Amino acid sequence: MSPIKIAHVATGNVGRIALRQVIEDPRFELVALVVSDDAKVGKDAGELAGAAVETGIRAVQGIEAAIAASPDVVVYCAMGEVRPREAVADVVACLKAGIDVAATAPVPLLYPWGSMPDRVIERVQAACVEGGSSLFVNGVDPGWATDLLPLAVATTCQRVEQVRCLEIADYATYDGADVMHFVMGFGTPVGEVPMLFQPGVLTSAWGPALYGLADAFGVTLDEISESFEQEPAPESFEVAVGTIAEGTVAAVRFQITGMVDGHPAFVVDHTTRLRPDLRPDWPQPAQPGGSYRLEITGEPSYVVDVCPTSTHGDHNYSAIAVGAGRVVNAIPALRDAAPGIVTSKDLLPSRTLGRFVVSRFVGGK
């Protein structure tokens with residue numbers, strides 16, 4: 001079988017990890033690489049991915065270049081949080097051209113019904129029909145930890161009363177300055193409301209996961225509520241994105257709750273610290289640095305801790321790798337999907353597995 005031709009977009013924190021898999025996985029053939037940073041233009045994809053290979057594919061700019069390469073699939077990892085309209089426009093252009101899109105953004109397209117305006121959903125669906133193409137948006141959270149993992153565990157339950165999905169992480173080593181300062185508000189005055197905590201933004205980001213869970217369980221959300229807390233730094237200290245001054249935000253916790261008949265049925269609960277000693281009363285990770293936790297109340301009930309690790313980086317790197325892998329591994333199944341927006345419940349897990357590499361199975365462990 002011929003490899004699937006891939007045009008890859010963006011080489012940021014998520015994009016470069018996804019690009020490395022595209023390069024190294026024999027199921028795929030990289031045919032184009034699109035970047036937004038002028039300094040990356042002309043560089044080989046292998047260099048930008050941190051892969052020990054020269055691909056011969058040089059980075060260019062503009063979504064038009066991805067389309068012109070006539071790929072089967074565009075892997076779209078460009079930032080969508082601060083440029084949602086542009087991200088939707090990029091995805092629509094690819095879909096209209098008959099190219100499937102596996103993407104990490106725009107996040108609301110993970111499950112847009114109920115969380116995006118109908119006109120946007122109709123625009124995307126129309127592009128899929130016009131091009132005979134399919135779209136799958138996912139990641140780690142929102143994504144795998146908030147859609148596939150809960151459903152997999154719940155297949156063993158006689159009844160389910162509540163699903164709670166937690167991310168508990170230390171972001172001190174995370175180097176995404178825009179996300180850290182502008183989106184999440186780290187290093188800004190306590191009480192100042194960053195982009196993430198503006199009314200409706202949490203629902204825009206995690207509402208799709210809650211609506212998707214409700215749909216999978218066959219119930220209807222009455223409403224979604226949001227809440228957040230901020231914790232100041234007890235003294236100034238350094239993290240990857242710079243100095244966190246004394247008294248500025250050094251830890252946050254936020255929750256997004258989907259209500260069913262007045263009951264908090266589905267909850268996303270995030271605790272993000274820049275030092276492990278901050279707010280010890282908040283949820284603690286199952287491994288140093290960070291972990292994901294699924295709590296299902298029902299029969300039987302569960303607490304499932306997920307502790308990703310990586311040979312290429314720390315807990316923050318491995319968490320990002322989970323999201324990148326989820327999107328790239330979905331490509332073969334996406335190619336067989338009917339035109340339209342594809343969600344996690346549409347893709348069988350057996351069709352979205354990572355590649356098994358026997359040569360790396362060392363010592364029987």
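Just so it is clear, the structure is predicted and the values come from calculations on it, not from any experiment. Scope of the values below: all heavy atoms of this structure, side chains included, with no hydrogens, waters or symmetry mates.
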Do the non-hydrogen side-chain atoms of Cys165 and Asp141 ever get within less than 4.5 Å of each other? no

Student check: side-chain heavy atoms of Val193 and Gln198 closer than 4.5 Å: yes

Could you report the tightest heavy-atom contact between Tyr76 and Glu86, atom names first, then the distance? OH-O, 4.4 Å

Between the side chain of Ser236 and the main-chain N/O of Glu246, is any donor-acceptor distance below 3.5 Å? yes

State, yes or no, whether a side-chain contact exists between Phe217 and Leu151 at a heavy-atom distance under 4.5 Å. yes

Do Leu166 and Val163 belong together in a cluster built from hydrophobic side chains that touch within less than 4.5 Å? no

Could you walk me through whether Leu109 and Ile341 pass the side-chain contact (heavy atoms from CB on, under 4.5 Å) test, one step at a time? CA-CA 8 Å; Leu109 285 169; Ile341 299 171; 4.2 Å; yes

Within the distance-only criterion (no hydrogens, no angle test), does the side chain of Ser291 pair as donor or acceptor with the backbone N or O of Asp305 below 3.5 angstrom? no

His263 side, atom NE2; Thr257 side, atom OG1 - distance, nearest 0.5 Å: 10.5 Å

Please walk me through it: do Glu231 and Arg275 pass salt bridge (charged side-chain N to carboxylate O under 4.0 Å, His left out)? CA-CA 11 Å; Glu231 182 69 13; Arg275 271 187 8 191; over 6 Å; no

If we ignore hydrogens and angles and just use 3.5 Å, is the side chain of Glu54 paired with the main-chain N or O of Gly46 as donor and acceptor? no

Taking side-chain hydrogen bond (donor to acceptor under 3.5 Å, both in side chains) as the cut-off, I'd like each qualifying pair that reaches into residues 99-115, sequence neighbours left out, listed once. Asp100-Arg335, Tyr111-Asp215

Mind checking side-chain hydrogen bond (donor to acceptor under 3.5 Å, both in side chains) for Arg273 and listing every partner two or more places apart, or none if nothing turns up? none

With clusters defined by side-chain heavy atoms of hydrophobic residues (ILVMFWY) lying less than 4.5 Å apart, directly or transitively, does Ile296 cluster with Ile168? no

I'd like to check Val260 versus Leu221 (side-chain heavy atoms, cut-off strictly below 4.5 Å). Are they in contact? yes

Is a side-chain donor-acceptor pair under 3.5 Å present for Arg326 with Asn329? no

Side chain to side chain contact (heavy atoms under 4.5 Å, CB included) partners of Val241, counting only residues at least two apart: Ala177, Met180, His181, Val239

Do Leu196 and His270 have side-chain heavy atoms sitting under 4.5 Å apart? no

Atom of Val249, atom of Leu274 and distance for their closest heavy-atom approach: O-CD1, 4.5 Å

Please examine the side chains of Pro264 and Gln255, heavy atoms only from C-beta on, and report whether any two atoms are closer than 4.5 Å. no

What distance separates Ile331 CD1 from Gln21 CD, expressed to the nearest 0.5 Å? 8.0 Å

side-chain contact (heavy atoms from CB on, under 4.5 Å) for Phe186 and Val252? Distances and angles first, verdict last. CA-CA 8 Å; Phe186 287 116; Val252 298; 3.9 Å; yes

For a 4.5 angstrom cut-off between non-hydrogen side-chain atoms, does Val183 reach Asp178? no

Passing option when Leu135 is tested against Val342, Val124, Leu334 for side chain to side chain contact (heavy atoms under 4.5 Å, CB included): Val124

Please report the interatomic distance CG(Leu202) to CZ(Phe197), rounded to the nearest 0.5 Å. 6.0 Å

How long is the straight-line distance from CD of Gln284 back to CZ of Arg279, given to the nearest 0.5 Å? 11.0 Å

Residue pair Leu110 / Thr343: nearest heavy atoms and the distance that separates them: O-CG2, 3.6 Å

Determine yes or no for a side-chain-to-main-chain donor-acceptor pair under 3.5 angstrom, with Ser133 supplying the side chain and Leu95 the backbone. yes

Which residue pairs satisfy the side-chain hydrogen bond (donor to acceptor under 3.5 Å, both in side chains) criterion with at least one member in residues 146-158, sequence neighbours excluded? Asn138-Asp147, Asp147-Ser344, Thr156-Tyr302

Test item: Arg20 side-chain N/O and Gly50 main-chain N/O as donor-acceptor pair under 3.5 Å: yes

Backbone N/O of Ala39 and side chain of Asp37: donor-acceptor pair under 3.5 Å: yes

Looking at Ser310 and His312, what are the two nearest heavy atoms and their distance? OG-N, 2.9 Å

Would Leu19 and Leu30 satisfy side-chain contact (heavy atoms from CB on, under 4.5 Å), going step by step from the backbone distance to the final call? CA-CA 9 Å; Leu19 176 60; Leu30 183 69; 3.9 Å; yes

If two hydrophobic side chains count as joined below 4.5 Å and joins carry through other members, does Val14 share a cluster with Tyr292? yes

On a heavy-atom basis, the closest approach of Ala66 and Pro71 is O-CD, 3.2 Å

Heavy atoms only: give me the nearest Pro108-Pro208 pair and the separation to one decimal. CA-CG, 3.5 Å

Donor-acceptor under 3.5 Å (Arg164 side chain, Arg293 main chain): no

Measure the spacing between CG of Asp72 and CD1 of Ile99 and express it to the nearest 0.5 Å. 9.0 Å

Would you say the side-chain atoms of Lys40 pair up with the backbone N or O of Thr11, donor to acceptor, closer than 3.5 Å? yes

Any sub-3.5 Å donor-acceptor pair from Gln230's side-chain atoms to Gly191's backbone N or O? yes

In this structure, would Ile17 and Val322 fall into the same cluster of hydrophobic residues linked by side-chain contacts under 4.5 Å? yes

Out of curiosity, Glu226 CD to Ile224 CD1, how far, rounded to the nearest 0.5 Å? 8.5 Å

side-chain hydrogen bond (donor to acceptor under 3.5 Å, both in side chains) filter on Glu161, not counting sequence neighbours, yields Arg159

Decide side-chain contact (heavy atoms from CB on, under 4.5 Å) for Thr309 and Gln287; before the verdict, give the C-alpha distance in whole Å, the side-chain angles of both, and the deciding distance to 0.1 Å. CA-CA 10 Å; Thr309 61; Gln287 70 173 356; 3.8 Å; yes

According to a 4.5 Å side-chain heavy-atom criterion applied to Ile, Leu, Val, Met, Phe, Trp and Tyr, with indirect links allowed, do Tyr211 and Val160 form part of one hydrophobic cluster? yes

Above 12 or not: heavy atoms from other molecules or residues under 6.0 Å from NZ of Lys5? no

If we only count heavy atoms from C-beta on, is the Met79 to Val179 side-chain gap below 4.5 Å? yes

What pairs with Tyr174 under ring pair (Phe, Tyr, Trp, His ring centres under 6.0 Å), at least two apart in sequence or on another chain? Tyr171

